[in-house]
Amino acid sequence: MSSSLSVMPAIPQYLTIVRNEAASVSRYEQTVPADQHEVAAFRATAPTIDSAKALLANYKALKVVLGANGLSSLMGQTAVVRDLLTQDPDAPTSLARKSGNAKWLSFAKSFASWSPSPLGSAEAIAQISQKYMTNQFETAKQAETPGVGNALYFTRTMSNVSSVSQIMADPKLLNVVETVSGFDSTQFGALDYDEQVRLLTPKINMKDFSSPAGIQRYAQRYLAMLQVNPQPTSTPATTLSLYGASGGSAGILSLFGHSGGASSASLFSMLT
């Protein structure tokens with residue numbers, strides 16, 4: 001990853017990357033041999049994987065598949081992954097359906113049929129590899145410059161989100177939205193889920209996300225808020241964080257679905 005990018009402030013760094021994130025991901029890939037090896041191993045074995053059982057038995061391939069779908073936190077949660085891969089996602093009793101977790105449901109639907117195999121084409125393998133590397137890149141950027149990775153993820157995925165419940169089910173999206181809405185992420189994460197929904201809903205105008213330009217403006221507002229009120233790089237786990245209802249990493253139980261001072265206001269006004 002370019003050292004010149006890493007020393008940039010968050011907003012200029014975000015704007016530089018978002019113009020062509022795919023190119024940034026490609027450059028990043030050349031600097032991380034471990035990720036290259038994982039993708040190469042996946043590409044080599046994916047054509048031979050013809051069932052959910054075979055995928056579950058291939059640790060390296062499963063790691064890439066889960067990572068590509070934003071589900072790296074499920075590595076090691078064998079029973080959960082098995083249910084997502086083997087149950088009918090349309091059945092009301094399936095884990096994917098009961099969870100209310102949009103990522104889990106999308107993943108389950110993508111791998112619901114193995115006739116033909118969802119890993120059976122070069123195009124599918126290339127798409128999964130690219131998604132995996134993109135998520136790895138954004139995770140690295142988040143660690144390097146807090147907020148940038150989440151802002152890039154928000155920009156890339158928000159066009160497919162149409163409800164507050166979808167935002168609530170995705171910790172990264174929720175962190176962006178709760179921050180822009182003026183909530184402290186740690187305090188907000190300690191609230192009851194219904195209370196979070198009650199407080200957040202009137203703060204969100206889904207029309208803000210109706211265009212790429214609107215989504216990018218919102219992401220910049222998020223980064224501006226972090227510049228004034230930085231968030232801790234890690235927060236103690238709360239009950240709701242385990243349910244995917246805070247800005248932290250979603251754990252297995254995620255299936256159950258601040259205002260600053262004058263300086264904050266001035267930054268906000270510049271980006272609205």
Side-chain angles (χ1 to χ4, degrees), residues 9-18 21 70-73 101-103 134-135 137-191 193 196-235 238 240-241 243-250 254 257-260 264-265 267-272:
I11 292 177
Q13 191 177 155
Y14 162 78
L15 291 172
T16 298
I17 296 170
V18 82
E21 186 175 2
L71 298 175
S72 292
S73 62
N101 188 310
K103 280 187 180 180
T134 299
N135 280 330
F137 168 72
E138 290 173 353
T139 297
K141 292 306 300 180
Q142 182 67 19
E144 183 181 88
T145 309
V148 172
N150 284 353
L152 291 168
Y153 175 83
F154 180 88
T155 303
R156 182 166 58 87
T157 62
M158 197 61 196
S159 60
N160 297 318
V161 173
S162 58
S163 68
V164 173
S165 62
Q166 287 177 281
I167 295 172
M168 295 291 294
D170 190 312
K172 292 179 183 178
L173 298 183
L174 179 59
N175 179 253
V176 172
V177 172
E178 70 189 11
T179 300
V180 172
S181 299
F183 296 111
D184 176 274
S185 61
T186 303
Q187 295 176 0
F188 190 79
L191 297 175
Y193 178 85
Q196 289 183 341
V197 173
R198 185 186 71 79
L199 291 172
L200 199 60
T201 298
K203 299 277 190 178
I204 299 175
N205 182 356
M206 296 304 293
K207 291 181 180 179
D208 289 341
F209 317 125
S210 61
S211 69
I215 291 172
Q216 288 189 28
R217 282 195 298 270
Y218 200 93
Q220 290 178 68
R221 290 166 65 187
Y222 164 69
L223 293 172
M225 293 294 290
L226 290 184
Q227 182 177 334
V228 176
N229 297 305
Q231 294 174 357
T233 54
S234 62
T235 56
T238 65
L240 283 181
S241 73
Y243 283 74
S246 80
S249 297
S254 63
H258 107 46
S259 130
S264 174
L267 271 171
F268 227 65
S269 64
M270 291 168 61
L271 296 168
T272 55

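Numbers here simply count residues along the sequence, with the first being 1.
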field: Steps toward side-chain contact (heavy atoms from CB on, under 4.5 Å) verdict (Met168, Tyr193)
entry: CA-CA 9 Å; Met168 295 291 294; Tyr193 178 85; 3.7 Å; yes

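- Taking each heavy atom of Ala143 and Pro146 in turn, the nearest pair found is O-CD, 4.5 Å.
- Between Asp208 and Arg221, the shortest heavy-atom contact is OD2-NH1, 4.4 Å.
- For Thr155 against Ala219, the heavy-atom pair with the smallest separation is OG1-CB, 3.7 Å.
- Here the side chain of Gln227 pairs no donor or acceptor atom with the backbone of Ala10 at under 3.5 angstrom.
- For the pair Val177 and Tyr218, the minimum side-chain heavy-atom distance is below 4.5 Å.
- Within the 4.5 Å cutoff, side-chain heavy atoms of Glu138 are placed close to those of Arg156.
- Proximity of a side-chain donor or acceptor of Ser181 to a complementary backbone N or O of Glu178 within less than 3.5 Å is not detected.
- A distance of 8.5 Å separates CG of Asn229 from CG of Asp184, quoted to the nearest 0.5 Å.
- Looking at heavy atoms from C-beta onward, Ile215 lies in side-chain contact with Ser159 at the 4.5 angstrom threshold.
- Shown here for Ser162 and Met206, the closest heavy-atom pair between the two residues is C-CE, 3.5 Å.
- Atom OG1 of Thr157 sits about 4.5 Å away from atom CG of Leu173, to the nearest 0.5 Å.
- Side-chain contact between Tyr14 and Gln216: present, with at least one pair of heavy atoms (C-beta onward) separated by less than 4.5 Å.
- Two residues are said to be in side-chain contact when any heavy atoms from C-beta on lie closer than 4.5 Å; Leu15 and Gln220 meet this criterion.
- If you take CD1 on Ile204 and CD1 on Ile167, they are separated by 4.0 Å, rounding to the nearest 0.5 Å.
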- request: I would like to know whether Phe183 and Lys203 meet side-chain contact (heavy atoms from CB on, under 4.5 Å); could you show each step before the answer?
  value: CA-CA 10 Å; Phe183 296 111; Lys203 299 277 190 178; 4.1 Å; yes

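- With contacts defined as side-chain heavy-atom distances shorter than 4.5 Å, the pair Phe137/Glu21 qualifies.
- Note that the CG atom of Leu71 and the NZ atom of Lys103 stand 6.5 Å from one another [nearest 0.5 Å].
- The minimum heavy-atom distance linking Asn175 with Asn150 is given by the pair OD1-ND2, 3.3 Å.
- We find the OG1-CG distance between Thr139 and Leu152 to be 11.0 Å, quoted to the nearest 0.5 Å.
- The closest side-chain heavy-atom distance from Gln166 to Asn160 is not below 4.5 Å.
- What you find for Gln196 and Phe188 is that their closest heavy atoms are NE2-O, 2.7 Å.
- Thr145 contributes no side-chain N or O that, together with a main-chain N or O of Val148, makes up a donor-acceptor pair within less than 3.5 Å.
- In this structure, Tyr222 has its ring center at least 6.0 angstrom away from the ring center of Phe154.
- In summary, Glu144 and Lys141 engage in a salt bridge, as defined by a charged side-chain N under 4.0 Å from a carboxylate O.
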message: Before you tell me yes or no, could you show the steps for Asn101 and Asp170 under side-chain contact (heavy atoms from CB on, under 4.5 Å), namely the whole-Å CA-CA distance, both residues' side-chain angles and the distance that decides it to 0.1 Å?
response: CA-CA 8 Å; Asn101 188 310; Asp170 190 312; over 6 Å; no

